[in-house]
**Student:** 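Pasting a structure below so you can have a look.
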Amino acid sequence: MASDDAAPGPGLTDAARHALRQVAAMMIPASAEYRVPGADDELVFADMLRSTGRDTAAIARALADLDARAGGSFAGLDAARREAVAGEWRAAASPDFILLQRLVLQCYYRDDRVMRSLDMEPRPPFPKGHVVEQGDWSLLDPVRKRARMWRDAP
Amino acid sequence: MTDTVDVLIIGAGASGAAVAWSLAETKMRIVCLEQGDWMNPAAYPASGRDWEARQLGDFAINPNRRARAADYPINEDNSPIKVGNFNAVGGSTILYAGHFPRFHPSDFRVRSLDGVADDWPLDYATLEPFYAENDRVMGVSGLAGDPAYPPHEATMPPLPLGRSGRILARGMNAMGWHWWPSDSAIASTDYEGRAGCINLAHCTSGCAQGAKASTDITYWPQAIRAGVELRTRCRVREITTNAEGMASGVVYYDAEGVERFQAAEVVILACNGIGTPRILLNSASGRFPRGLANTSDQVGRNLMFHPYAAIHGYFDEETDGYRGPGNCIWSQEFYESDPSRGFLRGYTFEFVRGQGAVMAAVQGMQTGRLPWGAAHHAAYRKLHAHRTGMVAICEDLPEAHNRVTLDPVLKDGHGIPAPKLHYTLSENSRRMLDHAVARGSEILRAAGARDIATEAPIQSNGVHLMGTARMGTNPERSVVNEWGRSHDVRNLFIVDGSIFVTSAGLNPTRTIQALALYIADQMKRRLSTLFD
Ligand SMILES: Cc1cc2nc3c(=O)[nH]c(=O)nc-3n(C[C@H](O)[C@H](O)[C@H](O)COP(=O)(O)OP(=O)(O)OC[C@H]3O[C@@H](n4cnc5c(N)ncnc54)[C@H](O)[C@@H]3O)c2cc1C
């Protein structure tokens with residue numbers, strides 16, 4: 001997954017990592033029905049930690065905000081309180097939070113298992129590309145019959 | 001390096017490439033200075049699994065977010081629309097979507113026909129041969145016979161309609177409204193050594209296949225073979241003038257950051273609607289205290305972006321989703337002025353196919369369609385590959401208070417003052433956006449959408465940068481004359497989107513390039529009297 005953008009920043013503290021993983025699990029839990037892991041899955045989470053890149057500081061701030069809302073430690077709350085605090089945090093939708101949420105989604109929706117469950121091949125678009133059907137060009141027939149629409153200009 | 005060159009072009013994007021290519025046949029010594037570097041298509045995001053993440057990182061359309069070494073910061077705090085551009089050989093065509101409409105004859109006569117803004121000092125017929133020449137070099141996929149346009153040919157067949165096009169065409173036909181396969185700068189077949197499109201997905205992070213006509217793979221290889229010298233990673237700070245008030249050359253920073261001077265007989269600016277006024281304003285001197293070529297006080301003014309509306313629907317049937325070129329079909333049902341609509345001028349609907357798996361999730365969360373928790377998966381499967389829709393590109397009329405100035409504090413990596421934007425949305429634009437959202441929603445409902453999402457204006461889509469050094473015959477109201485030469489400095493030319501008098505309600509690049517070729521042609525015809 002390496003890219004220019006994935007250069008490791010100063011990184012997240014252990015506590016911040018723990019909270020991030022809890023949040024990821026709340027966001028997208030595993031599902032037996034769809035045969036997909038949760039966003040806290042080991043591989044997905046490792047991808048997240050590698051990919052914070054230029055957003056590391058913002059993500060750390062978002063997690064600090066979460067802890068502050070939890071009265072000190074989000075991880076230390078019971079499940080019901082965690083739901084409530086995360087709900088408020090999410091509703092506030094700070095720019096830092098948006099970046100954190102985006103990180104989770106970026107890593108989750110490129111995981112092989114998740115892509116397969118969506119009937120996508122787990123590969124980059126290039127070089128194989130994709131097939132797009134030509135479609136039914138007879139749909140254009142009514143438009144072909146239209147009179148000219150553009151105006152003459154003096 | 002300090003030998004005087006005949007022609008010095010600043011900027012190697014859409015217009016800089018075209019003007020260099022056209023002037024190359026004169027065998028003059030032509031040098032182009034470009035602040036960015038050559039791109040490596042093998043390293044474009046589509047080659048990696050993190051391609052969607054990179055569209056929001058090192059390939060973000062906004063230069064402040066992207067923050068590559070080649071980028072310069074832009075203060076956009078006073079603008080509801082944020083800038084999209086790219087700084088490299090190929091300029092913003094590296095990221096552009098490749099929608100490639102021409103202007104209409106009426107677009108050059110808005111004052112005469114609709115009583116707004118100003119007429120252009122040239123017309124469609126004058127530009128027609130240069131549109132055709134540009135089409136041959138760039139390659140245009142499309143279908144002749146569009147009733148919204150004077151006749152013109154395409155160089156390749158149209159891009160596929162696909163599943164999304166079928167759904168949208170159904171909606172358009174139910175409404176009885178115009179639509180047509182879009183003219184596109186994406187090759188539907190192999191073209192002049194470039195491979196045809198293989199539907200990699202969205203085209204706005206560089207085309208790894210080379211199917212999209214960015215000028216690094218169209219004009220530049222030919223211009224360089226014909227003798228033009230292109231110096232990359234060279235950022236121009238200012239244009240200098242001599243005792244006669246003529247441009248004498250430019251001061252720039254080379255790839256090592258060393259300050260250099262390049263003398264030139266002729267200077268051509270091709271830095272786009274923000275980069276060009278920035279250089280002119282940074283070139284203020286005792287003789288030109290308001291900035292170079294600015295006795296009219298029009299440099300930086302009349303900034304036009306094209307306010308965009310996005311109207312998307314979610315359908316039960318599958319759309320093209322993450323597949324395809326973004327370009328598909330367009331509609332100009334509401335293009336020409338009809339005052340009964342409550343606004344003047346009009347807009348183009350450009351239909352887009354879908355979005356990638358990550359963007360489906362990101363937007364789903366941001367718009368409240370995608371919950372956290374166990375319900376996430378079922379909700380996501382209703383969004384992913386089930387969305388299609390359109391954007392409306394509204395004509396933005398020139399207003400003097402919409403402008404680019406220099407930021408007193410913000411500077412780029414070389415310490416050069418950065419541009420600052422001042423832009424407000426006009427009442428005419430707001431009404432046009434509302435109209436587009438209402439009509440677009442009708443189309444989607446007629447096509448069977450179960451849910452519709454809209455955004456107007458799209459905040460992140462200031463990708464068309466126009467009007468900030470406009471053309472005209474009156475030196476008091478314009479910066480360059482009817483063939484691109486500065487009124488004030490007779491060996492200074494501008495060929496990029498800055499010279500647009502009005503914006504039309506469609507994408508500008510085909511017209512920017514046709515104008516650049518036209519100006520080059522005028523220069524070639526007038527070589528012996530160029531500075532008279
Ligand atoms: C995401 C995106 C999508 C787009 N989609 C479309 C579309 O579908 N259709 C369409 O018609 N248009 C589209 N556009 C717009 C299109 O790319 C521009 O209209 C076009 O590239 C402008 O051409 P230009 O020559 O004016 O400037 P640019 O192509 O932007 O080139 C300017 C060049 O000047 C260089 N430069 C600037 N300042 C300096 C300096 N001080 N020293 C040295 N070099 C300098 C820059 O690095 C750059 O390479 C899109 C743009 C973006 C960003």
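Keep in mind it's a predicted model, so treat the numbers as computed, not measured. All heavy atoms count here, side chains included; hydrogens, waters and symmetry mates do not. In what follows, every chain begins at residue 1, and chains take the letters A, B, ... in the order their sequences are listed.
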**Student:** Using non-hydrogen atoms only, which part of Ser106(B) is less than 4.5 Å away from chain A: side chain, backbone, both, or neither?
**Tutor:**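 Contact with chain A is through both the backbone and side chain of Ser106(B).
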**Student:** Chain B heavy atoms under 4.5 Å from Ala147(A): which part of the residue, side chain, backbone, both or neither?
**Tutor:** backbone
**Student:** Take Gln332(B) and His104(B), measure what side chain to side chain donor-acceptor pair (under 3.5 Å) needs, and give me the verdict at the end.
**Tutor:** CA-CA 11 Å; Gln332(B) 294 194 326; His104(B) 306 76; 2.7 Å; yes
**Student:** Locate the shortest heavy-atom distance separating Arg113(A) from Val36(A); write the atom from each residue and the value.
**Tutor:** O-CG1, 4.3 Å
**Student:** Using non-hydrogen atoms and a 4.5 Å limit, figure out which bit of Gln134(A) sits close to chain B: side chain, backbone, both or neither.
**Tutor:**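 Interface part for Gln134(A): both.
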**Student:** Regarding Arg144(A) and Ser138(A), do their side chains bring together a donor and an acceptor under 3.5 Å, going by distance alone?
**Tutor:**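 Note: Arg144(A) and Ser138(A) side chains miss the donor-acceptor criterion.
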**Student:** In terms of heavy-atom pairs under 4.5 Å, which option from Leu103(A), Asp55(A), Asp119(A) contacts chain B the most?
**Tutor:** Asp55(A)
**Student:** Going through the checks in order, is the ring pair (Phe, Tyr, Trp, His ring centres under 6.0 Å) test met by Tyr347(B) and Tyr335(B)?
**Tutor:** CA-CA 5 Å; Tyr347(B) 59 88; Tyr335(B) 192 82; 8.7 Å; no
**Student:** Checking Arg65(B) side chain against Asn62(B) main chain: does a donor-acceptor pair fall under 3.5 Å?
**Tutor:** no
**Student:** Please flag which part of His178(B) lies under 4.5 Å from any non-hydrogen atom of chain A: side chain, backbone, both or neither.
**Tutor:** both
**Student:** Quick one: what part of Ala378(B) sits under 4.5 Å from any heavy atom of chain A, side chain, backbone, both or neither?
**Tutor:**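 For Ala378(B), heavy atoms of backbone and side chain both lie under 4.5 Å from chain A.
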**Student:** Please look at Pro127(A) and chain B and tell me whether the side chain, the backbone, both or neither of the residue comes under 4.5 angstrom of a heavy atom of that chain.
**Tutor:** backbone
**Student:** Please classify the contact of Pro45(B) with chain A as side chain, backbone, both or neither, using a heavy-atom distance under 4.5 Å.
**Tutor:** neither
**Student:** Against chain A, label Leu159(B) side chain, backbone, both or neither, depending on which of its atoms sit under 4.5 Å from a heavy atom there.
**Tutor:**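 Only the backbone of Leu159(B) comes within 4.5 Å of chain A.
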**Student:** Between Ser117(A), Gly38(A), Ala86(A), Ala30(A), which has the largest tally of heavy atom pairs under 4.5 Å with chain B?
**Tutor:** Ser117(A)
**Student:** So for Ser164(B), is it side chain, backbone, both, or neither that comes closer than 4.5 Å to the heavy atoms of chain A?
**Tutor:**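 The answer is neither part of Ser164(B).
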**Student:** Non-hydrogen atoms of chain B under 4.5 Å away: do they reach the side chain of Ile98(A), the backbone, both or neither?
**Tutor:**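 Side chain only.
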**Student:** Could you tell me which of Glu83(A), Glu33(A), Arg90(A), Lys128(A) has the largest number of non-hydrogen atom pairs under 4.5 Å with chain B?
**Tutor:** Arg90(A)
**Student:** Name the member of Gln366(B), Gln209(B), Met359(B), Met172(B) that forms the most heavy-atom pairs with chain A at distances under 4.5 Å.
**Tutor:** Gln209(B)
**Student:** Which answer fits Asp152(A), side chain, backbone, both or neither, if we ask what part of it has an atom under 4.5 Å from a heavy atom of chain B?
**Tutor:** backbone
**Student:** Could you check whether Arg61(A) pairs with Asp96(A) (Lys NZ or Arg NE/NH1/NH2 to Asp/Glu carboxylate O, under 4.0 Å)?
**Tutor:** yes
**Student:** Distance-only, no hydrogens or angles: does the Asp71(B) side chain make a donor-acceptor pair with backbone N or O of Arg68(B) under 3.5 Å?
**Tutor:** yes
**Student:** Do Arg381(B)'s NZ or CZ and the ring of Tyr34(A) fall within the cation-pi criteria of under 6.0 Å and 45°?
**Tutor:**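 Yes.
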**Student:** With a 4.5 angstrom heavy-atom cut-off, is it the side chain or the backbone of Val104(A) that approaches chain B, or both, or neither?
**Tutor:**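 Neither the backbone nor the side chain of Val104(A) comes within 4.5 Å of chain B.
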**Student:** Do any N or O atoms from the side chain of Ser184(B) and from the backbone of Cys328(B) form a donor-acceptor pair under 3.5 angstrom?
**Tutor:**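 Here the side-chain-to-backbone pair does not exist.
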**Student:** Chain A heavy atoms under 4.5 Å from Tyr44(B): which part of the residue, side chain, backbone, both or neither?
**Tutor:** neither
**Student:** Closer than 3.5 angstrom, by distance alone: can the side chain of Ser188(B) be matched with the main-chain N or O of Pro157(B) as a donor-acceptor pair?
**Tutor:**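 Yes; judged by distance alone, with no hydrogens or angles, the pair exists.
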**Student:** Tell me which of these, Ala148(B), Ala361(B), Ser112(B), has more heavy-atom pairs under 4.5 Å with chain A than the rest.
**Tutor:**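 Answer, by heavy-atom pair count under 4.5 Å with chain A: Ala148(B).
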**Student:** Does any heavy atom of chain A fall under 4.5 Å from the side chain of Trp51(B), the backbone, both, or neither of them?
**Tutor:** side chain
**Student:** Quiz question: by atom type and distance under 3.5 Å, do the side chains of Ser182(B) and Asn327(B) form a donor-acceptor pair?
**Tutor:** no
**Student:** Out of Met27(A), Arg148(A), Met26(A), return the one with the most heavy atom pairs under 4.5 angstrom to chain B.
**Tutor:**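 Top option by heavy-atom pairs under 4.5 Å: Met27(A).
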**Student:** Please determine, among Ala201(B), Ala374(B), Pro181(B), Pro371(B), the option with the most heavy-atom pairs under 4.5 Å with chain A.
**Tutor:** Pro181(B)
**Student:** What part of Pro142(A) gets closer than 4.5 Å to chain B, counting heavy atoms only: side chain, backbone, both or neither?
**Tutor:**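 Only the side chain of Pro142(A) comes within 4.5 Å of chain B.
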**Student:** Please answer whether the main-chain N or O of Asp119(B) pairs with a side-chain N or O of Arg109(B) as donor and acceptor at a distance below 3.5 Å.
**Tutor:**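 Flag not set: sc Arg109(B) to bb Asp119(B) has no pair under 3.5 Å.
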**Student:** Please flag which part of Met115(A) lies under 4.5 Å from any non-hydrogen atom of chain B: side chain, backbone, both or neither.
**Tutor:**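 Contact with chain B: side chain only.
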**Student:** Side-chain donor-acceptor pair under 3.5 Å between Thr502(B) and Trp120(B), yes or no?
**Tutor:**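 Yes, side-chain donor-acceptor contact under 3.5 Å.
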**Student:** Is the backbone N or O of Ala53(B) less than 3.5 Å from a side-chain atom of Asp50(B), with the two atoms forming a donor-acceptor pair by type?
**Tutor:**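 No; judged by distance alone, with no hydrogens or angles, the pair does not exist.
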**Student:** Looking at Val114(A) and Pro37(A), what are the two nearest heavy atoms and their distance?
**Tutor:** CG2-CD, 4.1 Å
**Student:** Given heavy-atom pairs under 4.5 angstrom as the criterion, report whether the side chain, backbone, both or neither of Arg123(A) touches chain B.
**Tutor:** backbone
**Student:** At a heavy-atom distance under 4.5 Å, which candidate from Leu200(B), Asp123(B), Val362(B) has the highest pair count against chain A?
**Tutor:**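 Among Leu200(B), Asp123(B), Val362(B), the one with the most close pairs to chain A is Leu200(B).
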